[in-house]
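Worksheet: one structure, shown below.
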Amino acid sequence: MISVKAEPFSFDFEPGEVALIVIDMQRDFIEPGGFGETLGNDVSHMQRAIAPTRNLLALFRARSWPVIHTRECHLPDLSDCPPAKRDRGAPSLRIGDPGPMGRILIKGEPGAEIIADCTPIDGEIIIDKPGKGAFYATGLGEQLEKLGIKSLVFAGVTTEVCVQSTMREANDRGYNCLLIEEATESYFPHFKTAALEMIRAQGGIVGWTAPLGALQDAVQSQFEGQIA
Ligand code: TIU
């Protein structure tokens, strides 16, 4: 058992039963000209999450623990995009429209790809999802069951939208969920702060949060002196 100094209390997990889920670290959310910017957001906020997420990926890869990447995107014919999602508001470009990184939020287009710093490596799972939550209309639940996962560590963007939605879905399915505080970002810093508080309030009503260093320390002390 590994015990992480987390909030609201220790996050304990078995090494063979943990997976990392990196939510939507895609060019469409992180780089100018993508979906995030078409909605009117300042995408520069996302930069802060990149290095911590890369370090978190390194930690899981060093131990050969499962890593899952998600991508919010839609089929080219938009058959999996509800009109209510595409038609809402007044974005500068809508889902499926051509933009500087190809069609906005469409599978296979450059904008839907994961940023270079977080590129999946062989053996890692990629889940394409049409919704904000990664369990909706995907095979994620079956994949986690097959792997015997009980605890999930989360990173990615944005904190209060796809990360929190997926944590809530996972929590309802019985997973213990830990969000790494520096490895997630919002376009609105005060929403990130509020989302972290919401997650761990009421005795961990949705899950736990911890700094990356707390997870690194816990893993290191567990395996100290052992051969990887
Ligand atoms: N707009 C926003 O904050 N987020 C999303 O639309 N998707 C994700 O969070 N990935």
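What you see is a predicted model, and the numbers here were worked out from it, not measured in a lab. Counting starts at 1 for both ligands and their atoms, following the listed order.
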Classify the side-chain pair S186/T158 by whether it contains a donor and acceptor separated by less than 3.5 Å.
no

Numbered in order shown, the ligand 1 atoms found under 4.0 Å of a heavy atom of K132 are 5 (C), 6 (O), 7 (N)

Can you find a side-chain donor-acceptor pair between T209 and E7 that sits under 3.5 Å?
no

With nothing but distance in play, are any N or O atoms of E160 less than 3.5 Å from an N or O of ligand 1?
no

Sub-4.0 Å atoms of ligand 1 with respect to non-hydrogen atoms of D24:
8 (C), 10 (N)

Side-chain donor-acceptor pair present, H45, K192, cut-off under 3.5 Å:
no

Could you list the atoms of ligand 1 found under 4.0 angstrom from a heavy atom of F35?
6 (O)

Heteroatom distance test (E72, ligand 1): nitrogen or oxygen, under 3.5 angstrom:
yes

For ligand 1, is there an N or O atom under 3.5 Å from any N or O atom of K129?
no

min-distance protein heavy atom vs atom 5 (C) of ligand 1 -> F29 CE2, 3.4 Å

The closest protein heavy-atom partner of atom 2 (C) of ligand 1 is T158 OG1, 3.6 Å

So which of G40, G36, S186, C162 gets nearest to atom 8 (C) of ligand 1, if we judge by its closest heavy atom?
C162

Answer whether the closest heavy-atom distance between the side chains of R61 and I121 falls below 4.5 Å.
yes

With H74 as partner, the option from R86, K85, K107 fulfilling side chain to side chain donor-acceptor pair (under 3.5 Å) is K85

With side chain to side chain donor-acceptor pair (under 3.5 Å) as the criterion, how do S92 and T38 come out once you've worked through the C-alpha distance, each side chain's angles and the decisive distance to 0.1 Å?
CA-CA 5 Å; S92 58; T38 69; 4.9 Å; no

Heavy-atom contacts with L39 under 4.0 Å: which atoms of ligand 1 show up? List them by number with element.
1 (N)

Between T70 and the options K129, Q26, M25, the side chain to side chain contact (heavy atoms under 4.5 Å, CB included) test singles out K129

Heavy-atom distance under 4.5 Å between the side chains of P120 and I114, does that happen here?
yes

Below the 3.5 angstrom mark, is there an N/O of V157, backbone or side chain, next to an N/O of ligand 1?
yes

